[in-house]
Amino acid sequence: MLKRWIIVLTLILSFGLTTLAMASPVSLVLWTWHEPQLKLIGKMIPTYIAENPNVKIEAMTIAGGEYWRKVMLAFAGENPPDLLKVMQDNFRLWIPEVTPFPNDMFPRTQMRKDVFACDTFFYEHHGSEYAGRMYAMPNGLMGGAMFYNLDMMADAGFTEADYPKSWEDLRILGKKLTKFDSKGNMEIAGFGFNGRWTAMFVDFIYQMGSYLLNEDGTKSNFRTPEALKIVNFLYDLTFKDKVTSPLFPSYSELFQAEKTPMTYCWTWFGGFIEAMAGEKLKWGVSTIPTPSGKYLPAIGRVSNELGWAVPKNIASAKKREAFKFMKWLMYNNDYQVANAKMLGVVPSMLIAWKDPQIVSDPLIQVLAKTATYGVFPGEMGEGLWLAVGHLEERAYAGVSAKENIEAVATELDESLAKTPASLCIERLYKPHLVELK
Amino acid sequence: MRAKEYIKHRKKIFSSQAFFILSVLIPIICYYSVFKWYPFIYAIILSFYKYTLRSKHFIGLTNFAEAFTEDSIFLISLKNTVYYVAMIVPTEIILGLIFALMINRLQKRKSADVFRTIYFLPVITCLVACCITWRWLYQPLFGLFNIILGSIGLPRLKWLMSTKTALLSIAVMRIWKDLGIVIVLLLAGLQGIPRTFHESSMIDGANRWQTLIYITIPLLVPTIIFVIIIEVINTFQAFSEILIMTSGLAGSATTAGGPLNSTITVVLHIYMRAFNYFRMGYASGLSMILFIIIIIFTIVQLRISRIKWKY
């Protein structure tokens, strides 16, 4: 008799607890380093929860520099968030820690139809190790652009028609826009690109039809006439043509303080200026100048920005809900449009491409014009950014252009000897890889 | 009977005292065990491993060998750190002594408190705020220092943006920041010297300079050595000011410890190996090397302080 009662009680208790567990909402924690994106997600969450009352989502930002430290320590401590923002640049760091997208929820055939250059960015081009599975949410394509302060340009007598198309145009316009005071001190940098040497150098390498690394990603490809020509051009702009001063603060501070009418940055800068300066600062945008003024052989580097990934070490119920939330975001037009405008990207999801807000956005249109001429290098490793990052430091320290590029090459070679860039796919680039319509 | 009662009484006192001592010590022991001793011992163990957060395997002394044979930046950071200590500690002691003597002369006048407060203000100000402010003061075009130099007809300096002046510029900020605590410690030492020594030297006909050289400074030696030990340990661990004042200079081009590693210190190097490259084992090995260097310095200084000075 007693045994029976125990069995009945156990059954009732287990049923009750299961029902309780099923009724209590699944809590998801989302991490990003991007404050504006957090705000956007914050706006989307209530709508999602209204449709899915069994889910709770807590989104938080972790400041840029600290983000990857915290993520890696969370992986090591086996307490990662349920959704974490990831990026292409350090693919190798996070890919072994995340769950591939489930094929039943994200069938490859469907993804091919819905996601821009899906195979290029998600299935084929990251080496055989990770081929065939999608690991992160598609976000959008980003690249470099020129930004202009329209009022300063107008005051100097220049219009959109004067935007530089070639390197020579850039040099001439930069010189014309530069202003000095009576003592000869620079007041306005015609082309304020302080802090942008790294990104410009990489873009220019591709513009010259060259590559950053050798074929197997084990050595730099900087001991070339092309690389030296680029470094000489950057030196000339700074020290001979004096379109900026090495003593000036960063391009971003210069642009916001109206100390430069023209700068170079990646397209996220548009959303950044609007967030920082609001409507006070009227800005324009154009494509990056190339040596010949044409887009071939390439316009520069592009990156397929990623959204979120789902870590391996979380409960399967949470994984399922996390993927459901990502799918909802991927197919939500409002989110896609707002996200593309905020980040300055051509949206990965094709559903957003015909939206009037996307079609009329000048920045996205500039990017769309040149995106198919952009080289997507995949992961190149931190060593490349550190080594090329020293280019500007050495130039300001008085090192000659030739010695500088040799030092960058040596530094990168040492780094690649320890960690080869085996996931770099820059040599797979072909212009007109896909057609943008 | 009396003896029994006495023993009982003693036991009672002892148990209540023991309880009090334990209740006071246990939280401290817990804190030190969790946040100091355990990480310290674990860091010693890790220094013999290749640990990258994902994998961990024993490699013996390889981390230590790598530091001295393959890691050229470590040797640069070691050299920079020694320079940094050599610039800061003697300057702080000399300036601190001068200011302490001046304030000491004011005796109990109200102005003594005012000066003490003024010199101590940087010590209690947040280091991050100080670093950001000084970074702007050093800005080559808009910074106050170059505006002053320009106004008196002197050439502008690049300060933090030059490999020649960057470390010195940071050292100046650090001296400004720490001087207050050095003054206060030396002042306490000065006020501990009995007035009779000074009075008898005056009676013997010694002038102020002779009193300072033959009476005050020798009697202040134990305090000076204490200050030197504290400052050497602190300065060897220089990190925050370098990270804040050198990251993103030259328009975000300069990496922390720049330009061109001219300001990288050992602790900053350890931090970058650990948290940028996630080489925890190697970073632990570097920490052990730094620990040994600081221990050697401290032992030498303590030996000097044990010398029985005869005046």
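Note on naming: letters A, B, ... go to the chains in the order of the sequence lines (proteins, then strands), and numbering restarts at 1 for each one. All heavy atoms count here, side chains included; hydrogens, waters and symmetry mates do not.
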Atom OH of B/Tyr38 with >12 non-hydrogen neighbours under 6.0 angstrom: no

Heavy atoms from other residues, nucleotides or ligands near OH of B/Tyr32 exceed 12 (cutoff 6.0 Å): no

Within 6.0 Å of OH in B/Tyr83, more than 12 heavy atoms from elsewhere: no

Side chain to side chain donor-acceptor pair (under 3.5 Å) pairs, two or more places apart, involving residues 150-170 of chain B: B/Asn146-B/Trp159

Nearest heavy atoms of B/Met161 and A/Leu247, plus distance in Å: CE-CA, 4.0 Å

Straight-line distance of A/Glu393 CD to B/Asn261 CG, nearest 0.5 Å: 7.5 Å

NZ/A/Lys402: more than 12 non-hydrogen atoms of other groups inside 6.0 Å: no

Contacts with chain A made by residues 272-283 of chain B (heavy-atom distance under 4.5 Å), listed by residue number: B/Phe275, B/Asn276, B/Tyr277, B/Phe278, B/Met280

Part of A/Glu414 within contact of chain B (heavy atom distance under 4.5 Å): neither

Crowding at NZ, B/Lys50 (>12 non-hydrogen neighbours, <6.0 Å): no

Contact class of A/Leu254 relative to chain B, heavy atoms under 4.5 angstrom: neither

Rounded distance (nearest 0.5 Å) linking atom CZ of B/Phe142 with atom NZ of A/Lys259: 5.0 Å

